[in-house]
Amino acid sequence: MNPRFLPLISQLEMEEMIAVKQKLHGLSDSQQEQFLGIYLARRRDTLLILLCTLMGFVGFAGVQRLVTNRIGLGLLYFFTGGLLLIGTIVDLVKYKKIALKYNLNVLKETSALIGNWQH
């Protein structure tokens, strides 16, 4: 991995950073730059997920699910008040897992996209 990309991935959670480094291994510098540009633009920060989850306590439940492309669950939360706030409280406890799951999915999609460009 090119050392000039380290500041870009230093902001990531540890498990996410390890997965990104594994995906970057074997790519050229230009491919690494393209990969990181796409991935970092599409990933969701854990703080964003936390703030979106907290919005559920003031009447906008499900936003955390909508921003992580869980549209059906987001609408269910919205129309049921976060499943009577129980789902919102559960999501508040596991907001880091929600962000990590989404980001790892984006990582796979980005890797497939870069892989298709190589061929």
Side-chain angles (χ1 to χ4, degrees):
M1 186 174 92
N2 191 324
R4 69 183 173 106
F5 299 135
L6 285 176
L8 295 174
I9 65 169
S10 65
Q11 65 189 354
L12 306 177
E13 299 288 331
M14 185 60 67
E15 189 173 344
E16 184 182 1
M17 185 186 314
I18 291 168
V20 168
K21 284 183 179 181
Q22 289 174 347
K23 293 292 183 183
L24 291 176
H25 184 71
L27 297 177
S28 69
D29 285 352
S30 64
Q31 290 170 330
Q32 288 180 13
E33 188 172 8
Q34 290 172 343
F35 182 90
L36 286 173
I38 294 168
Y39 175 71
L40 293 174
R42 294 189 57 213
R43 72 176 291 276
R44 299 289 187 250
D45 189 30
T46 53
L47 182 60
L48 173 68
I49 303 302
L50 175 62
L51 293 174
C52 289
T53 304
L54 290 173
M55 289 174 61
F57 292 107
V58 293
F60 298 104
V63 176
Q64 74 278 10
R65 296 301 184 159
L66 293 172
V67 300
T68 57
N69 290 341
R70 302 288 310 270
I71 306 302
L73 195 53
L75 292 174
L76 179 67
Y77 273 38
F78 182 76
F79 289 115
T80 61
L83 300 175
L84 303 175
L85 287 181
I86 295 169
T88 300
I89 293 169
V90 169
D91 283 359
L92 186 61
V93 171
K94 60 183 218 169
Y95 73 95
K96 286 185 178 184
K97 284 185 179 182
I98 294 169
L100 180 63
K101 183 178 178 181
Y102 175 79
N103 289 336
L104 291 178
N105 189 37
V106 168
L107 188 65
K108 288 177 190 173
E109 291 172 2
T110 306
S111 181
L113 181 64
I114 294 294
N116 288 338
W117 285 354
Q118 290 177 349
H119 300 297

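As a basis for the values below, the full set of heavy atoms in this structure was taken, side chains included, without hydrogen atoms, waters or symmetry mates. These numbers were taken from a predicted model, which means no experiment stands behind them.
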Give every donor-acceptor pair under 3.5 Å between a side-chain atom in residues 44-64 and any protein atom, sequence neighbours left out.
from, atom 1, to, atom 2, distance (Å)
R44, NE, V67, O, 2.8
R44, NH1, R42, O, 3.4
R44, NH2, V67, O, 3.4
T53, OG1, I49, O, 2.7
Q64, NE2, D91, OD2, 2.7

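Heavy-atom minimum distance, I114 versus F35: CG1-CD1, 3.7 Å.
Evaluation of the side chain to side chain donor-acceptor pair (under 3.5 Å) rule for S30 yields S28 as partners, not counting sequence neighbours.
For E109, the CD atom counts as densely surrounded, since its 6.0 Å shell holds more than 12 non-hydrogen atoms of other residues, nucleotides or ligands.
Between E33 and R4, at least one side-chain nitrogen of the basic residue sits less than 4.0 Å from a carboxylate oxygen of the acidic one, meeting the salt-bridge criterion.
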Take L73 and L76, measure what side-chain contact (heavy atoms from CB on, under 4.5 Å) needs, and give me the verdict at the end. CA-CA 5 Å; L73 195 53; L76 179 67; 4.1 Å; yes
Test side-chain contact (heavy atoms from CB on, under 4.5 Å) applied to R70 and I98, step by step: CA-CA 10 Å; R70 302 288 310 270; I98 294 169; over 6 Å; no
Go through it in stages, so that I can follow the logic: the residues are L36 and L24, the test is side-chain contact (heavy atoms from CB on, under 4.5 Å), and I'd like the CA-CA distance, side-chain angles, deciding distance and then a yes or no. CA-CA 9 Å; L36 286 173; L24 291 176; 4.1 Å; yes
Apply the test side-chain contact (heavy atoms from CB on, under 4.5 Å) to residues V106 and I38: give CA-CA distance (whole Å), side-chain angles for both, the deciding distance (0.1 Å), then the verdict. CA-CA 9 Å; V106 168; I38 294 168; over 6 Å; no
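No continuous path of ILVMFWY side-chain contacts below 4.5 Å connects L100 to L92, so the two sit in separate hydrophobic clusters.
With hydrogens and angles disregarded, a donor-acceptor distance shorter than 3.5 Å links the side chain of S10 to the backbone of P7.
Proximity of N105 to K101: side-chain heavy atoms (C-beta onward) are nowhere separated by under 4.5 Å.
In this structure, I71 belongs to a hydrophobic cluster whose other members, linked by side-chain heavy atoms under 4.5 Å apart, are L66, L75, F78, F79.
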